[in-house]
Amino acid sequence: MTQAESPAPDHPAPHRNRARFRWLLLSLAAGPTGWICQLVVNYGLSSYACYPGDTPRRQVPLPGWTGEHLLLVAVNLIALALAVAGLLVGLVLWRKAQAEKPGGAEQLLEVGEGPTRFLASCGMMASAAFGAAILFNTVSTLAAPVCWDLTH
Amino acid sequence: MSRPGATRPDQAGKEATWEGARDPRIVDATAEFPGPRLKRIWETKPGLLGWFATVDHKEIGKRYIVTAFLMLIAGGLEALAIRLQLSRADQHLLTPEQYNQLFTMHGVTMIFLYASPVLSGFSNFLWPLLLGSRDMAFPRLNALSYWIYLAAGVFLYAGFVVGLGPDDGWFNYVPYASKTFNPGVNIDIYALGLILLGISTTVGSANFVVSFLRTRAPGMSINRVPILTWGTLTASAANLLAVPSVSLAFFLLWMDRQFDTHFFDASQGQPLLWQHLFWMFGHPWVYAIVLPAMGMVSDALPTFCRRPLVGYTPVALSTVATMALGFGVWVHHMFATGLPTVALSFFSGASLIITIPSAVAVFAWTATIWTGRPVIRTPFLFFASMIVLFVIGGVSGVMTGSVPVDWQLTDTYFVVAHIHYVLIGINVFPVIGAAYYWFPKFTGRMLNEKLGQWNFWTMFVGFNLGFFPMHLLGLLGMPRRIYAYSAGMGWETTNLIVTLGAFLFAFGVLLFLINVAWSLRRGPAAANDPWGGATLEWAVASPPPVYNFAVIPQVVSRHPLWEDSLAEGEARSSLTRGLLLDRGRETIGTTPLDGQPNLILEMPGDSLSPVILAAGLSLVFAAALGHAWWLTGLGVLICVAALITWFWPRRVHGDVPRESAHG
């Protein structure tokens with residue numbers, strides 16, 4: 001088919017009204033944001049708890065605040081919740097926009113047509129991948145509490 | 001015609017309305033119209049003034065590439081001198097001070113002055129052509145970025161040629177870099193030079209981000225952009241976040257050295273603060289200098305496999321995810337500094353998990369080759385070999401990402417092997433492949449294929465001969481950065497092999513340069529699309545006209561030139577019929593997500609302001625080096641004058657501009 005015979009191009013995002021940009025952004029950013037916050041807070045709090053060197057702060061003992069283990073748990077769970085929220089929002093947006101262009105998920109992965117469903121699927125995948133990273137960090141924090149005791 | 005973007009709802013559900021002062025016409029481009037008129041509008045005046053004033057992205061791109069290759073040659077010669085020194089035990093070809101300066105300048109040159117700028121060069125040349133635009137969003141900012149890069153390169157080398165170059169490694173650790181242990185001007189040159197270079201990187205990155213968001217062809221929605229643009233966009237966004245960290249670090253160090261502040265003073269400050277600030281920048285930077293190169297492979301490799309890239313969506317996402325994860329791994333450069341072990345585990349985890357998005361790209365390239373019909377030409381060889389080298393460098397990276405393994409390997413030649421597999425494997429090899437691929441578009445001539453095959457195999461064999469044995473040297477305990485070693489350590493034979501491999505690799509690079517020199521004069525003329533590529537740059541002449549596109553193309557897919565063969569839909573991209581923008585230097589502005597046209601961008605013309613501003617900034621930094629404060633003041637005045645002329649209100653043509661690209 002020549003360019004002259006080609007039908008007028010459709011709008012590239014016919015389902016753009018089904019997904020507000022702020023929700024797409026939330027889905028895309030929630031996982032990475034949760035992960036980087038968890039990483040930085042875990043690093044700071046675990047360094048605080050293990051001081052000096054690898055000695056638990058409580059054993060020294062050193063003056064100062066001692067509630068770091070509770071904050072660690074809270075931040076890890078919040079980070080995990082952020083990733084799950086991103087995944088769910090992405091899933092909802094994906095369901096709304098999955099028929100934006102012909103072909104299903106396989107076609108989307110291969111060709112990428114339909115920007116709304118493209119962004120929604122990226123949000124889902126990013127949330128899932130960063131959620132996995134957050135989960136591993138959370139497990140290591142809670143299951144191997146080197147310098148803190150979660151029972152106290 | 002109807003207004004190009006009238007009453008189109010955007011992604012936020014609002015109506016994206018046409019904001020331009022006039023409606024552009026849609027016309028058919030012919031040989032006579034509107035090319036000659038556009039040529040008069042866009043061409044640069046001949047002569048020296050025109051040469052300095054040009055803001056043409058293609059010229060700037062080529063200057064970036066040529067300058068970066070000159071830096072590659074300089075850094076390569078430094079490496080060869082290092083290898084000669086280490087080829088035998090107890091060698092004394094160089095003095096220890098010369099050796100320190102050589103390995104420092106080698107790292108500085110390759111990482112700061114070659115690897116990133118060469119990618120900026122390719123992206124500067126290619127982006128508007130890939131995106132269907134007539135220039136970058138801020139052409140003058142583009143010129144400024146190049147001139148400052150050139151000035152920073154000269155600045156950094158000025159000390160080296162008189163024996164006062166940086167001599168503390170490219171990482172420049174304190175307290176070795178403090179005034180107490182390094183009283184000369186060497187480190188001050190490095191500190192000020194890097195801050196100057198940071199300005200270039202920052203303005204260039206801002207330009208790429210805005211160009212991506214606003215200057216794509218109509219219809220080029222965010223899911224239809226080439227992977228190269230994803231790579232450069234991601235790297236640019238990362239640079240905007242990472243460069244301030246290193247600029248601040250070098251500024252504080254300069255303050256410590258010149259004004260006796262104590263930011264990094266071991267007795268009163270925090271030497272580890274330097275490492276944090278440096279590596280918060282340094283590791284994202286490593287990804288910034290490989291992701292655009294990976295993007296070039298993702299876009300060019302499919303041409304030789306005669307099929308689109310497998311898994312566009314995951315590859316695009318993995319590009320962004322790699323960069324995001326890259327911000328959370330900086331502490332793996334500091335595993336041996338005595339930080340609490342449990343804190344290290346988080347960064348070890350992040351360093352291991354980054355293999356997932358990297359593996360996505362590797363599997364996508366492999367599947368593209370596996371399911372395609374590969375045509376073995378020189379660019380293909382470079383791209384395919386990059387996959388192998390990437391895997392080797394990635395695996396050794398995983399090893400050093402593990403804390404206990406890193407404790408054994410840190411500061412050994414194993415790490416030298418790793419960084420070279422990553423940076424040469426994922427930067428130099430793709431760049432040379434990309435040079436073969438896009439040389440016809442740059443120059444209108446093809447590179448010699450037979451010489452190209454010799455070029456590839458010499459580089460590939462030389463590289464692996466030179467760098468793979470370094471893993472072994474590291475495992476045998478040879479420390480990195482040592483000036484000489486004693487006989488009987490068991491390292492002599494391997495070091496000699498490494499040196500021979502390095503020279504063979506350098507000979508391979510020389511063959512490439514010979515090929516370029518020969519082909520510029522005698523290479524066969526290139527057609528518009530000599531490889532059968534899929535993207536928009538192949539729709540224009542080789543080399544492209546100064547205005548890029550006679551009419552702004554309308555895009556309906558990710559591979560506009562393969563639509564007939566792929567038959568993915570009925571609609572076809574319109575390449576010869578499109579928006580006519582001929583009332584001055586104009587290009588179309590489109591919406592960030594859907595690529596819908598909504599205004600005419602009036603582009604600035606050629607100007608001497610960028611080069612004058614760069615000269616003023618250079619004077620500021622050079623004078624600060626010598627504490628010549630009155631000269632610093634003069635430099636500031638020059639900068640102010642350049643900025644006033646830069647932003648002086650102008651009326652490009654009869655229209656009242658709604659939005660001018662002042663950059």
Side-chain angles (χ1 to χ4, degrees), chain A residues 1-13 16-17 19-22 24 28 32 35-36 38-40 42-44 46-47 49-54 101-103 107-119 121-122 125-126 129-130 132-133 136-137 140-141 144-147, chain B residues 8-13 218-224 308-314 316-318 320-321 324-325 327-329 331 338-347 349-350 352-353 356-357 554-558 563-564 566-577 593-596:
Chain A
M1 184 182 297
T2 65
Q3 288 175 22
E5 296 166 338
S6 168
D10 296 330
H11 191 285
R16 60 199 175 280
N17 288 329
R20 288 193 175 274
F21 180 65
R22 66 178 75 106
L24 284 169
L28 287 163
W35 172 76
I36 198 76
Q38 181 202 36
L39 185 79
V40 173
N42 275 2
Y43 173 47
S46 61
S47 300
C50 296
Y51 186 83
D54 287 329
K101 291 282 176 174
Q107 179 77 357
L108 172 67
L109 290 176
E110 191 67 17
V111 183
E113 273 300 292
T116 313
R117 65 176 192 167
F118 170 80
L119 291 173
S121 67
C122 284
M125 289 190 279
F130 282 93
F136 284 126
N137 275 345
S140 69
T141 306
V146 179
C147 293
Chain B
R8 283 189 172 88
D10 67 6
Q11 205 72 39
M220 190 177 281
S221 51
I222 200 159
N223 55 311
R224 289 174 178 166
L309 177 72
V310 170
Y312 170 85
T313 302
L317 177 63
S318 71
V320 181
L325 287 165
F327 274 95
V329 299
V331 170
L339 296 174
T341 314
V342 67
L344 303 184
S345 66
F346 302 119
F347 292 91
L352 300 184
I353 220 159
I356 295 174
Q554 166 82 38
V555 172
V556 299
S557 78
R558 188 160 55 82
E563 285 163 1
D564 284 334
L566 292 175
E568 284 174 350
E570 289 190 358
R572 294 288 178 268
S573 297
S574 178
L575 306 177
T576 54
R577 179 176 172 76
L593 290 185
D594 296 341
Q596 293 300 288

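None of the values given here were measured: they were computed from a predicted structure.
- With sequence neighbours excluded, the residues forming a side chain to side chain contact (heavy atoms under 4.5 Å, CB included) with B/Pro357 are B/Ser318, B/Ala321, B/Thr322, B/Leu325, listed by chain and number.
- Taking the side chain as every heavy atom from C-beta outward, B/Leu344 and B/Val331 approach each other to under 4.5 Å.
- In this structure a side-chain-to-backbone donor-acceptor pair under 3.5 Å is present from B/Asn223 to A/Gly112.
- With a 4.5 Å cut-off on non-hydrogen atoms, B/Ser345 does not touch chain A at all.
- For chain A, the option among B/Ile353, B/Ile356, B/Val342 with the highest count of heavy-atom pairs below 4.5 Å is B/Val342.
- Here the closest heavy-atom approach between residue A/Ser140 and residue B/Phe346 is recorded as OG-CE2, 4.1 Å.
- Of the two parts of A/Ile36, only the side chain, counted from C-beta on, holds a non-hydrogen atom closer than 4.5 Å to a non-hydrogen atom of chain B.
- Counting only heavy atoms from C-beta outward, the side chains of A/Phe118 and B/Tyr312 approach each other to under 4.5 Å.
- Between A/Leu108 and A/Lys101 the shortest side-chain heavy-atom distance does not fall below 4.5 Å.
- Interface remark: B/Ile222 contributes backbone and side-chain atoms alike to the contact with chain A (heavy atom separation under 4.5 Å).
- Looking at A/Ser47, the atoms closer than 4.5 Å to chain B (heavy atoms on both sides) sit in the backbone and in the side chain alike.
- If you measure heavy-atom distances from A/Phe130 to chain B, the contacts under 4.5 Å come from the side chain alone.
- For the set A/Gln107, A/Glu113, A/Met125, the entry with the most heavy-atom pairs within less than 4.5 Å of chain B is A/Glu113.
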